[in-house]
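See structure below.
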Protein chains: 2
Amino acid sequence: MKNLPDKTVERLCQYRRSLNNQLAAGKTHIFSHEIANLLHITSVQVRRDIMLIGHSGTLRKGYDIKEMVKLIGKIIDTKEGQRIAVIGMGNIGKAFIHYLYEKRSKLKVVASFDVNPDKIDKTYADVYCYHLDRLKEIIQKEDIKIGIITTPPMVAPEVCENLVTAGIKGILNFTPKPLSVPDEVYLEEYDMITSLEKVAFFVKHNE
Amino acid sequence: MKNLPDKTVERLCQYRRSLNNQLAAGKTHIFSHEIANLLHITSVQVRRDIMLIGHSGTLRKGYDIKEMVKLIGKIIDTKEGQRIAVIGMGNIGKAFIHYLYEKRSKLKVVASFDVNPDKIDKTYADVYCYHLDRLKEIIQKEDIKIGIITTPPMVAPEVCENLVTAGIKGILNFTPKPLSVPDEVYLEEYDMITSLEKVAFFVKHNE
DNA sequence: TTAGAATTGTTAAAAATTTAACAGATAAGT
DNA sequence: ACTTATCTGTTAAATTTTTAACAATTCTAA
């Protein structure tokens with residue numbers, strides 16, 4: 001189950017969320033075209049993704065939602081759950097902690113970091129905030145494998161380097177500053193302003 | 001200059017930001033491979049993108065940074081600037097307003113909305129917060145063309161519908177709830193948790 | 001019980017995106 | 001001046017991602 005296309009992995013996460021909603025609404029089975037409608041993609045794509053993860057639906061009945069959620073979980077989650085740190089307790093950092101707190105997933109934020117004395121040694125949604133100086137120490141002590149960088153862009157490269165030397169395995173960079181990591185570390189970058197500029201571009205060119 | 005590939009548009013935004021940084025650092029010209037290194041892509045891709053927008057560099061000297069910034073601006077920005085509303089003044093909403101406030105770009109947040117009385121009728125980074133009930137009225141009065149939805153997921157579809165009937169042209173949806181819009185409205189969706197789960201997946205499968 | 005409609009699973013085709021290849025041009029060094 | 005390095009610009013190839021096409025299967029209902 002290793003070589004899933006990047007895009008399929010993304011969609012699997014989305015499927016799972018939608019499926020969980022459906023489950024909560026009392027449904028037990030779902031058709032490919034229903035999933036497709038929920039996510040605004042095509043049913044072919046849904047079926048293809050499901051094929052790729054080796055799952056099967058039953059004809060004229062669709063896919064068993066519980067089973068799919070379980071299977072996607074097996075593919076994406078680890079048994080023990082993954083331990084995460086948030087570096088930078090500004091708005092975005094807080095938003096992440098808040099989301100994950102409510103969500104009760106296998107992804108747990110177990111530490112946060114900042115340099116602002118008003119934030120250090122407090123807890124936000126059960127997550128303790130340490131001084132940035134203690135980054136390596138805590139990452140290693142708490143066996144944290146994933147870091148979310150939500151600091152001001154200026155300091156992001158340094159934070160990134162420290163995360164890497166502390167032994168982190170994956171980084172989600174929310175600052176607009178592009179980062180560098182060695183091959184064995186997975187890096188995902190996202191920049192809100194680029195998203196917005198993209199919208200602006202297409203709005204402009206639709207007129 | 002209309003039919004640029006989606007991905008090229010994204011990269012142009014990133015080029016511009018990096019180029020502005022270089023400008024601030026005193027550089028006047030830059031090679032394709034330098035841009036590539038800044039953004040962790042290949043120089044071929046940079047040259048190809050630049051070709052697509054009809055710009056030319058000078059051999060052995062590279063691209064004139066100021067010119068490129070200007071050209072990208074012409075492609076992405078509108079002359080008058082674009083007027084934006086943020087709906088939902090939680091952490092993410094605030095983060096957007098804060099970013100754009102500092103950035104002094106052609107994208108201006110001119111109104112925000114919430115239902116929390118503590119937030120309504122206050123201003124945050126010069127942006128006034130209205131009650132959600134006044135959405136249509138203000139959107140139209142203020143000639144707002146782009147909406148950023150950062151509400152709780154539950155209410156996102158309703159907000160979306162109201163934005164559309166108010167005549168908005170582009171929506172950036174930051175809630176995990178997928179939305180539907182008519183063809184003439186551009187919709188960009190982003191979900192932080194999916195990004196994080198993707199990182200988690202690749203971390204798991206690299207071990 | 002047979003025809004028809006609905007739905008999955010899969011292979012093949014198409015479209016989008018990235019990467020490679022390389023010709024052409026310029027500067028620098030000899 | 002000549003050679004070599006370096007860069008750009010562009011076409012072609014490769015890869016990735018999406019979409020189409022369709023056989024096979026199951027349910028429904030006449």
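Every chain is numbered from 1 and lettered A, B, ... according to where its sequence line falls, protein lines coming before strand lines.
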Q: Scan Ser56(B) against the nucleic acid and name what it touches under 4.0 Å (heavy atoms): base, sugar-phosphate only, or nothing.
A: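 The residue Ser56(B) makes sugar-phosphate contact but no base contact.
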Q. Is the shortest side-chain N to carboxylate O distance from Lys204(A) to Asp77(B) below 4.0 Å?
A.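 Asp77(B) and Lys204(A): not salt-bridged.
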Among [options], which nucleotide has an atom closest to any side-chain atom of [X]?
X        : options                   : result
Tyr63(B) : dT8(C), dG9(D), dT18(C)   : dG9(D)
Thr42(A) : dT11(D), dT19(D), dT18(C) : dT19(D)
Val44(B) : dG9(C), dA21(C), dT17(D)  : dA21(C)
Arg47(A) : dT10(D), dT10(C), dT18(D) : dT10(C)

Q. Taking a pair as Watson-Crick or G-U wobble with both distances under 3.5 Å, which nucleotide is matched to dA5(D)?
A.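 Check on dA5(D): unpaired, no WC or wobble geometry under 3.5 Å.
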(Q) Pairing check on dT18(D): which nucleotide meets the Watson-Crick or G-U wobble criteria with it, both distances under 3.5 Å? (A)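 Base partner found: dA13(C).
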Q: Report yes if at least one side-chain N or O of Ser32(B) is closer than 4.0 Å to OP1 or OP2 of dC7(D); otherwise report no.
A: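 Answer is no, no contact under 4.0 Å.
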Q: May I ask you to verify if any side-chain N or O of Arg48(A) is less than 4.0 angstrom from the OP1 or OP2 atom of dA12(C)?
A: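 No, because none of the side-chain N or O atoms of Arg48(A) sits under 4.0 Å from OP1 or OP2 of dA12(C).
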Q) Hey, is the main chain of Leu107(B) close enough, under 3.5 Å, to the side chain of Gln82(B) for a donor-acceptor pair? A)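 Absent.
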**Q.** Side-chain donor/acceptor of Ser18(B) to backbone N/O of Tyr15(B), under 3.5 Å
**A.**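 Flag not set: sc Ser18(B) to bb Tyr15(B) has no pair under 3.5 Å.
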Q: Kindly indicate whether the side chain of Arg60(A) and the base of dT8(C) share any N or O donor-acceptor pair separated by less than 3.5 Å?
A: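 In this structure, the two groups form no donor-acceptor pair.
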Q) Leu59(B) CG to dA27(C) C1': how many Å, rounded? A)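 Rounded to the whole Å, the gap is 9 Å.
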Q: Figure out the CG/C1' separation between Asp49(B) and dT19(C), and round it to whole Å.
A: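 The distance from CG of Asp49(B) to C1' of dT19(C) comes to 13 Å, rounded to the nearest Å.
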Q) Using the purine O4'-C1'-N9-C4 or pyrimidine O4'-C1'-N1-C2 torsion, is dA5(C) syn (within 90° of 0) or anti? A)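 This nucleotide is in anti.
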Q. Parallel under 30°, tilted from 30 to 60°, perpendicular over 60°: which one fits the rings of Phe174(B) and Tyr190(B)?
A.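 Geometry flag for Tyr190(B) against Phe174(B): tilted rings.
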